[in-house]
Structure formats: structure tokens, C-alpha cells
Asker: 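Take a look at the following structure, please.
Order of the sequence lines sets the chain letters (A, B, ...), proteins ahead of strands, with each chain counted from 1.
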Amino acid sequence: MRLQGLVGMSVGMWLGLGGMAQAATLTISITNTTVGHPFKALLIAAHGVNDHLFSSGYAATAGLRALAECGEQASLAAELRAANPLVDVVGVESDAGLNKLMPGATISIGPLVVTDAANTRLSMAGRMMATNDGFAGLEAVAIPAEPGAYAFDLLAFDAGTEANNELLPIIDGPCTVGDPYMGDQRADLSDDLYLGVNGTGAAAKEASVLNPSITIHRGVLGDSYAAGGLADLDFAHHCWTNPVATVTVIVQ
Amino acid sequence: MRKQARQFKKVGTFLVVCLLLASLGGCGNQDDIYPPNAVYRVTVANLTFNQYFPTVAVIMHTGGYQAWEVGQPASEEIERLAEGGQVVPGANSGAGKWLLTEAVKNPAVVLTRLTLDPYSGLATGILGGGRAQVDLSVPPGGDYRLTVATSLTFTNDGFTGVTDLAIAQLQPGESLSQYVNAYDAGTEANTETEMTVPGFVAFAADANGSLVTDAQGNYIQSKGFGYDPVRDDVNDLITIHAGVVTADQPLGDEPDPVALPEAYAAYLAKKQIKDQSALNETHRFLQPVAKLIVERIS
């Protein structure tokens, strides 16, 4: 695990200010509780009540789309910081270069120093790699004021930006921002033995009723065929129920 | 009428107290005699992909009202909500119990409302990914709780909402939000057929496609029958909804009926629903299915 250095230079600048409230320090552990979905590009933000890493029930921003489809976190971090320079953002890349948090694995992040007393909300988002545009998310929970250890759940959201065709070349193909079928930047799923090939496309009905809002992900359809069928995802291995990750936040 | 009478009684009591306090310098102006109402804004976001929520019932009440309880049988009004999406009777509904018509009979209920479209201001349901809201204005200081309920239109008897949610702790400018699960009312078998799922409602037509009527001049429903008083679900109990199978559900290989009889029976049960299901993969959902936001405006 390494921190990407997305914590802005503002950290040091703001540490001594805002004397009316003591700045909290957070240590965060995230466990991937899915069976078959590595996470990529986890982004963690402490922010104000009017800042949003994502908003369920509304359309995804370009930055969230890049994270959900592409596993690219810098755009979303930049969006958040452009809206409010005082947010505290940490980007996590895990599994030393492979850049993913494997199912069952836990990473510990921190300390994340909350530099502005107005940053009272905590949000997280990370791409679920074996989906078209699914991401694990924590949506603006209140950071507890009292020191202690607190548990939160991450839910699987659908960014609503790409049809859920569940085809490997789209899910794990080259990533081009602006392409309606942005995939990952490299073949990150090459070690997933449950992936099939040559599907014809799940969710064929989706195009006529495309829902552009961020929703709770309705799950993977999948099929049982290693080659052919509708989907390249496995209907048993790649399914999940919420929550898809558990989080422990230690507030100091 | 009863509600208005109760409010009048409260104001009356307040006036008596004010008269007693007048010599002590209390209640010196109109604002004290008629304190401004507390206004709560209730917003429901439909977080499913393609499960329409019919108009959402919003009930403001104090302690002593609970619309349902998980693990217990559903009332007739919850059965009508879950199976047919109705919270008030329709034109030809006949006698029965509906969520709002029953709620107003409960002395704990202060106010009932339906969600409104934020643009048109008309009562509205909510498409997947959409939202609707309604403001409730009530005398301040009550021990207020909320019940919010709607149904998942493309299910046999799925519904969602909260009941007896405490909101009295909210101060002006404060808000709370929470995700909401879908429940299975346990009142109708989850067959997913176009005859039993209200989302497929249709009416009989003649060869030219014109709707036909019966002797009383009423249209004749042909599909999508919602409420049915027969209770034929596995258990007559409210549970967390397990989701829908849909016609697009992959089944995998058929298990050996001799070596794996239980797996084979489960396979056949799922295959039966898949073969008869009028739902498609867009109707699938995982929990939670909605987000509820309650803001105290003033």
C-alpha cells in the first residue's frame, strides 16, 4: 500500500488554524468483503456538508465516471478540491503496483489529518473491477466527534454511465476518457480464473431504459459459460450482496 | 376534523397558560400566542435501476402509531400498498382498508401527505434514479415521528419505507438521511407473472384496440392485478425482500437429481419462476432501494 500524495500542500498550512474545533486524526481500515471483485483507485475524503464525492440519485460527475469505469482517481480528487480547496483527500493504491485491493484483503490508511474543522463528513469510492461502472461507496457519513473506533459499511453503486454488458473487452480493455465504453487502463483482471470470453452482452435491454443516475448496483447478471453466453462474468463468483466492504475508522 | 379539533384544544390550552403568565411578563406578543409551525421537508430518492415507486405516503405522527413490523403479518393496508401500490381507495375499489384512510383514524396521526414532483408540485411517483419530496408543517414541539411508505411496482408484494422514525430531535436547519430497505409483505407468492405484478396493468380492448367496458361502464382490467386478499406467500410475515428472479436469470447446469436432490429442487423452483417471469434484468435490485432525507426547514 502506498499513499499517492494526493493530500494537498494545504495540510501543513491549515493545521494550526480553526482553533475553535480540534482537528481530528483518522486511521481507516478497509476490508473487501466481496468474493470476486478487486477494488481499484480507492479515494477517501473528509469534506464539508456541501461537498460531495458522489451523490446517489443524481448523475455521476466526469470524475466519478473516470473512477467507476476506468479506475482513475485523480480527476475526482481534482473536482472535489476545485469545489472546496479545504477538503482532505487521500488516494490509495494497494497491492504494490498491481493497484488493487483483493477480495478478503484489508488495507490500513492513515493517519488522515482532518485539517479544517468544517470537514465533518467522510466519503469513500473505489472501482469494483469486474463491473462496467460499479463502485464501492461511502456517502458522506458524519465523522464522529468523540475519539474511538467506528464501523461503517460500503455499498455497491452503479455510476449509471455505461451499459452493464459484462463483457471483458469493455470491462478490462483500454481506457479512453470520452469513449462510452471506457475500460480499465490495463488488463488488471488477468488473474481472475472465473472470467469468460466472447459473451454477446448482458443487460441488452438496458439501452432503452438507461437510468443516468447513481443507483444502488442491481448486481451482476453473469452466466455459467466460460466461452460465449451473454456475459463474460460468472453468475456465482461475481455476484454480491451489500455491504461490499467493511470500514473501521479510528478517530483520535 | 378530529385532527383540527385536537390542534384547537392545544392552542386553547396554550392561551390559558398565557393568560396565567401574562402578569409575569410571558407570552407578550402574537408570536408567543401563535408560535410559527415547524416545517419538515421529506425527500425520497429511488435508488433502484428500474423499480417504479408509486406516490409515496408520508405520515407525521406521535408515539402510538406503527404501520408495520418486520417478522409480523402485514395489515390489510400494507397488503394493498405492497401488492397494488395503493394508499387510498380508487374509483371502484369497494370497501376495505388503505394506509392513509386508516392512518387518519389513529389519534396519534397528525398529518398525512403524498410526495410531490419538485417541478410541477403535483402528486407523483418516482422512477428509478429519481426523487420526490413534500413539506409538512406542524405545530412545534411535538414528539414527532415519521412513517414513509411506497411499493416496488415490478414485484408481487414488495414495499419500502420506514415507520415510527423519530425526528423530534431535529432543530431548524438540521437534517437526517438514511438508506431504506425493501420488504416482502409476505402476502402474495412471488410468481413475477404479468397477471399478478401491478407494473403490467392493462385493460381489455376490442379488435381495433379500443378499450371495452362492462355493463356499468367500467374498463375491464386484463393484466397486472395488484391487490388480492388471498395470502399465498411462503410465510404470512413481513421480511427483508430477497430480490427478484426475472426471465433473464442464468440458471447454470442442472444438478443431478439423485446425487443432489436439494440443489435440484432449488434449481427447479428457480427455473419455474424464470420461465413464467414477466420481469427482465433491469427490474433486479439489491438492498438498499431508497434514500430518505428529512430536513427541518424551520
Asker: Count the heavy atoms belonging to other residues, nucleotides or ligands that lie under 6.0 Å from OH of B:Tyr267, then report whether that count exceeds 12.
Answerer: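 Yes, because the 6.0 Å sphere around OH of B:Tyr267 holds more than 12 heavy atoms from other groups.
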Asker: Might you confirm whether atom CG of B:Asp275 has over 12 heavy atoms from other residues, nucleotides or ligands at distances under 6.0 Å?
Answerer: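 Result for CG/B:Asp275: enclosed.
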Asker: Out of curiosity, B:Asn280 CG to A:Leu221 CG, how far, rounded to the nearest 0.5 Å?
Answerer: 10.0 Å
Asker: Using a 6.0 Å distance limit plus a 45 degree cone around the ring axis, check whether A:Arg218 lies over the aromatic ring of B:Phe49.
Answerer: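 Positive - A:Arg218 is close enough to the ring of B:Phe49 and near enough to its axis.
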Asker: Measure across A:Ser224 and B:Gly252 and return the closest heavy-atom pair with its distance rounded to 0.1 Å.
Answerer: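 Closest approach of A:Ser224 to B:Gly252: OG-CA, 3.4 Å.
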Asker: Is B:Leu251 close to chain A through its backbone or its side chain, or both, or neither, when contacts mean heavy atoms under 4.5 Å?
Answerer: backbone
Asker: Which atoms of A:Val141 are under 4.5 Å from chain B, going by heavy atoms: the side chain, the backbone, both sets, or neither?
Answerer: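 Neither; nothing under 4.5 Å.
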Asker: Can you tell me how far CG of B:Asn50 sits from OG1 of A:Thr215, rounded to the nearest 0.5 angstrom?
Answerer: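 Going from the OG1 atom of A:Thr215 to the CG atom of B:Asn50 covers 10.5 Å.
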Asker: State the CG-CG distance between B:Asp248 and A:Leu230, to the nearest 0.5 angstrom.
Answerer: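 B:Asp248 atom CG to A:Leu230 atom CG measures 7.5 Å (nearest 0.5 Å).
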Asker: When rounded to the nearest 0.5 angstrom, what distance separates CZ in A:Phe235 from CD in B:Gln249?
Answerer: 7.5 Å
Asker: Chain A: which of B:Gly130, B:Gly128, B:Ala290, B:Ala45 shares the most heavy-atom pairs with it under 4.5 Å?
Answerer: B:Gly128
Asker: Please report the shortest heavy-atom distance between B:Leu286 and A:Asn242, naming the atom on each side.
Answerer: CB-ND2, 4.1 Å
Asker: Counting distance only, does the side-chain N/O of A:Asp223 pair as donor-acceptor with the main-chain N or O of B:Pro250 below 3.5 Å?
Answerer: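 Checked: no pair found.
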Asker: Quick check on the interface: out of B:Asp253, B:Thr48, B:Leu127, B:Asn46, who has the most heavy-atom pairs with chain A under 4.5 Å?
Answerer: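 Ranked by contacts with chain A, first place is B:Thr48.
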Asker: Within the supplied structure, the quantity of interest is the number of heavy atoms (other residues, nucleotides, ligands) at a distance under 6.0 Å from B:Lys274 NZ; does it exceed 12?
Answerer: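 Yes, because the 6.0 Å sphere around NZ of B:Lys274 holds more than 12 heavy atoms from other groups.
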Asker: Counting only heavy atoms not in B:Gln169, do more than 12 sit closer than 6.0 Å to its CD atom?
Answerer: yes
Asker: Testing the basics here: between A:Ser56 and B:Lys291, what is the closest heavy-atom pair and its distance to 0.1 Å?
Answerer: OG-CD, 3.6 Å
Asker: Counting only non-hydrogen atoms closer than 4.5 Å, does A:Tyr225 touch chain B with its backbone (N, CA, C, O), its side chain (CB onward), both, or neither?
Answerer: neither
Asker: Checking A:Ile216 against chain B: side chain, backbone, both or neither under 4.5 Å from a heavy atom?
Answerer: both
